[in-house]
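Each remark here refers to the structure printed beneath this line.
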Amino acid sequence: MSKEDYREKIEEHRQLIEIEEKNSRMSRTRRKVKKKKRKNPLMSILLFIFIVIPVMVLVYVTFLYKPGEQEVAKVDNGGSIVEVQKNDSLASGGKEDKKPAIEENEDKEESKKQTDKEKENAKTEDAKQAELEAAKKAEQEKQKALAKEKELAKQKELAKQKEIEKQKEIEKQKEIEKQKELEKQKQQEQQKASQQRVHTVQSNENLFRIALKYYNDPSGVEKIKAANGLGSDSISVGQTLIIPE
């Protein structure tokens with residue numbers, strides 16, 4: 001229950017008490033006019049004090065009373081409740097209590113401070129969250145850059161390996177070509193050696209006759225001498241001579 005509701009309840013209670021007081025006064029006035037004699041007024045007062053007042057107090061405590069709030073009740077000699085005054089309500093003289101207004105202002109200030117504090121905390125939390133997001137994003141960018149560098153290094157290593165393999169393949173190909181060339185030269189030499197003719201010198205033969213026999217040309221003497229390493233034209237019977245093509 002708010003303070004405004006509480007004040008309205010107290011005001012209603014006050015009005016009811018004032019109405020009861022007026023009714024009581026009117027009743028007394030009527031009794032005086034009629035000059036009606038009471039048989040036993042003490043019993044009525046005691047009945048009101050011990051039954052009605054406790055019932056009213058019980059109702060008040062049950063529905064309206066709040067702990068921590070002081071209550072002052074004044075009772076006249078006739079046993080009627082004249083005024084109920086609380087420290088945060090209006091006094092009987094009609095003067096407004098300034099304490100609730102001060103408390104209300106203090107509550108407003110406290111609420112404002114609490115709101116400002118919550119806003120400041122929210123801003124701080126947002127700033128921290130933004131810093132965390134920025135740090136997370138920077139870390140992700142760093143990881144991406146590292147992954148990209150690793151990928152580039154891997155590609156360079158693969159290209160280097162491919163280049164090395166290519167050079168090895170070229171060297172191997174050159175070696176194969178060289179082997180083929182050597183084999184070809186060897187075959188040519190063997191073929192050339194197989195194609196060379198051999199002549200055994202017979203009696204009454206000389207280089208001139210042998211040249212005419214194989215070349216039909218006297219100039220073949222020099223070829224025969226060069227192929228066999230001869231320094232002169234003299235040869236002996238049974239000597240083996242190489243006849244070049």
Side-chain angles (χ1 to χ4, degrees), residues 1-140:
M1 183 182 292
S2 64
K3 290 184 177 182
E4 294 294 329
D5 296 335
Y6 184 79
R7 289 178 183 176
E8 291 177 0
K9 292 289 184 181
I10 295 301
E11 189 64 23
E12 291 175 1
H13 189 57
R14 249 183 95 233
Q15 292 176 1
L16 290 174
I17 292 172
E18 289 176 357
I19 292 170
E20 289 178 1
E21 184 180 2
K22 289 179 180 180
N23 292 333
S24 177
R25 289 176 182 176
M26 289 176 65
S27 177
R28 290 177 187 176
T29 303
R30 289 174 182 175
R31 284 198 297 270
K32 287 179 181 180
V33 172
K34 292 179 180 181
K35 295 181 180 181
K36 185 177 180 179
K37 296 182 179 180
R38 298 179 183 178
K39 293 181 179 181
N40 195 351
L42 183 60
M43 292 297 293
S44 299
I45 294 172
L46 292 175
L47 180 66
F48 184 81
I49 291 173
F50 290 105
I51 296 177
V52 176
I53 291 178
V55 170
M56 293 177 67
V57 172
L58 180 62
V59 171
Y60 169 73
V61 170
T62 304
F63 297 101
L64 300 177
Y65 176 73
K66 284 188 175 181
E69 296 181 350
Q70 297 179 355
E71 180 180 296
V72 178
K74 294 182 180 179
V75 183
D76 62 359
N77 293 330
S80 300
I81 296 175
V82 176
E83 180 181 2
V84 176
Q85 180 179 352
K86 293 190 177 179
N87 57 356
D88 58 348
S89 64
L90 296 176
S92 60
K95 294 182 179 180
E96 183 178 359
D97 192 358
K98 294 182 179 179
K99 189 174 181 180
I102 295 172
E103 291 179 354
E104 184 176 357
N105 291 332
E106 289 178 355
D107 291 340
K108 288 181 179 179
E109 290 294 331
E110 186 67 24
S111 178
K112 185 177 180 181
K113 289 180 181 179
Q114 186 69 21
T115 303
D116 294 339
K117 187 176 180 181
E118 290 177 356
K119 288 181 179 179
E120 188 67 24
N121 292 333
K123 289 181 180 179
T124 304
E125 190 67 24
D126 292 339
K128 288 182 180 180
Q129 190 67 23
E131 289 178 0
L132 290 175
E133 291 293 334
K136 186 177 180 181
K137 188 175 181 180
E139 185 65 22
Q140 290 177 352

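Here the structure is a predicted model, which means the values were calculated and not measured.
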Query - Set of side chain to side chain donor-acceptor pair (under 3.5 Å) partners for Q140, sequence neighbours left out - result: none
Query raised in the report: Out of curiosity, I17 CD1 to I10 CD1, how far, rounded to the nearest 0.5 Å?
Result: 8.5 Å
Using distance only, find each side-chain donor-acceptor pair of residues 109-128 under 3.5 Å and give its atom names and separation, not counting sequence neighbours.
residue: T115; atom: OG1; partner: S111; partner atom: O; Å: 2.8
residue: N121; atom: ND2; partner: K117; partner atom: O; Å: 3.1
residue: T124; atom: OG1; partner: E120; partner atom: O; Å: 2.8

